[in-house]
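Working notes, beginning with the structure itself.
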Amino acid sequence: MSSENGTASSPDLVLLSLHGDKRNVALLTLNRPKVLNALCSELMDELQMKADQCDADDSIGAIVITGSQESFAAGADISELSDRTFSEMVSQNFLHNWDFISNTRTPVIAAVNGFALGGGCELALMCDVIYAGEKALFGQPEINIGTIPGAGGTQRWTRIAGKSLTMELCLTGDKIGALEAKECGLVSKVFPVDQVVREALKLGERIASKSRLITLMVKEAINCAYETSLHEGLQQERRLFHSTFATEDRKEGMFAFAEKRTPKWTGK
């Protein structure tokens, strides 16, 4: 797999590269550095196209999304929104397709440095794991420009960090740092700025070394816990657990464990 090359007049807004010994971890890098990777419709369309391309490739076991050391993504591109009317926003159903990352079946890791604000924070929240640099800043400052989060900020924050912190952040526009984000459960681990992407890729390699088929089941089960009741989640988990016994990879994994050898996954 390779990224399409941009031209001098139209560079790629999302760079795609493959990493790991088996080239099975895709790195998607947001590439609008002059505007701190502000999310415009063109960038989001390109991100969706390349994320879908990776998701459809059975050789890709994990996806990492990152920006620059200065900014993961500083929010939606306000210049694209300032003249919009209510009727335009409703008729175009603006933002309806921005949650594609949360629908990606392949595990997605956000490697966040610098600003992850507004839509940029919401993009990180759509990912399955967030690794943050020690200087990262997270927040939903939409109230400062007379609007509210529109791509999941009020919803995903509440499910992760609870009502009180979500209310405080969304009502004030305040930002929190990486360590506080880790304390509230938003971030998995915090690293020095220059190590975040490398550590995210290493995590991606570890995930990609497992059975892709079983990995998809794990992600489905955890997302079910995030989105449904405990009773429904337990039922779905049990169904998925039973389903693993119809796979060759479950059999291979158990035999390999008993024989003290590394399993050879086939995705069947």
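In what follows, every heavy atom counts, from backbone to side chain, and hydrogens, waters and symmetry copies are set aside.
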Taking all non-hydrogen atoms of both residues into account, name the closest pair between [X] and [Y] and its distance.
X: G267; Y: L213; answer: O-CD2, 4.0 Å
X: P107; Y: I207; answer: CG-CG2, 3.9 Å
X: E220; Y: L240; answer: OE1-CD2, 3.9 Å

Between [X] (side chain only) and [Y] (backbone N and O only), is there a donor and an acceptor less than 3.5 Å apart?
X: E122; Y: G153; result: yes
X: D128; Y: I109; result: no
X: K219; Y: I214; result: no
X: T166; Y: W157; result: yes
X: Q236; Y: G233; result: no
X: T158; Y: K163; result: no

Without hydrogens or angle criteria, can the side chains of [X] and [Y] be said to hold a donor-acceptor pair below 3.5 Å?
X: N37; Y: S71; answer: no
X: T247; Y: D249; answer: no
X: R212; Y: T106; answer: yes
X: R238; Y: Q235; answer: no

Should [X] and [Y] be regarded as members of a common hydrophobic cluster, given that ILVMFWY residues are connected when their side-chain heavy atoms come within less than 4.5 Å of each other, either directly or indirectly?
X: L125; Y: Y226; result: yes
X: V14; Y: F100; result: yes
X: V197; Y: V190; result: no

* Asked: Counting heavy atoms not belonging to Q48, are there more than 12 under 6.0 Å from its CD?
  ->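 Above 12, so yes.
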* Salt-bridge contact E205-K202 (side-chain N to carboxylate O under 4.0 Å) ->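 No, no charged N to carboxylate O under 4.0 Å.
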* To do: Just do the ring pair (Phe, Tyr, Trp, His ring centres under 6.0 Å) check on F72 and F115 with the steps written out, would you?
  => CA-CA 6 Å; F72 177 73; F115 300 116; over 10 Å; no
* **Approximate separation, where rounding is to 0.5 Å, of E237 CD and C224 SG** => 9.5 Å
* Asked: With sequence neighbours excluded, what pairs up with Q69 under the side chain to side chain contact (heavy atoms under 4.5 Å, CB included) test?
  ->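 Partners of Q69 by the side chain to side chain contact (heavy atoms under 4.5 Å, CB included) criterion, ordered by chain and then number, come out as N113, V193, D194.
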* Structure fact -> Given the options T215, I222, L216, V218 meets side-chain contact (heavy atoms from CB on, under 4.5 Å) only with I222
* Any V25 side-chain heavy atom under 4.5 Å of V64 side chain -> yes
* Would H242 and T244 count as a side chain to side chain donor-acceptor pair (under 3.5 Å) if you check the C-alpha gap in whole Å, the side-chain angles of each, and the deciding distance to 0.1 Å? -> CA-CA 5 Å; H242 292 163; T244 66; over 6 Å; no
* With E252, which residues qualify under salt bridge (charged side-chain N to carboxylate O under 4.0 Å, His left out), at least two apart? -> R261
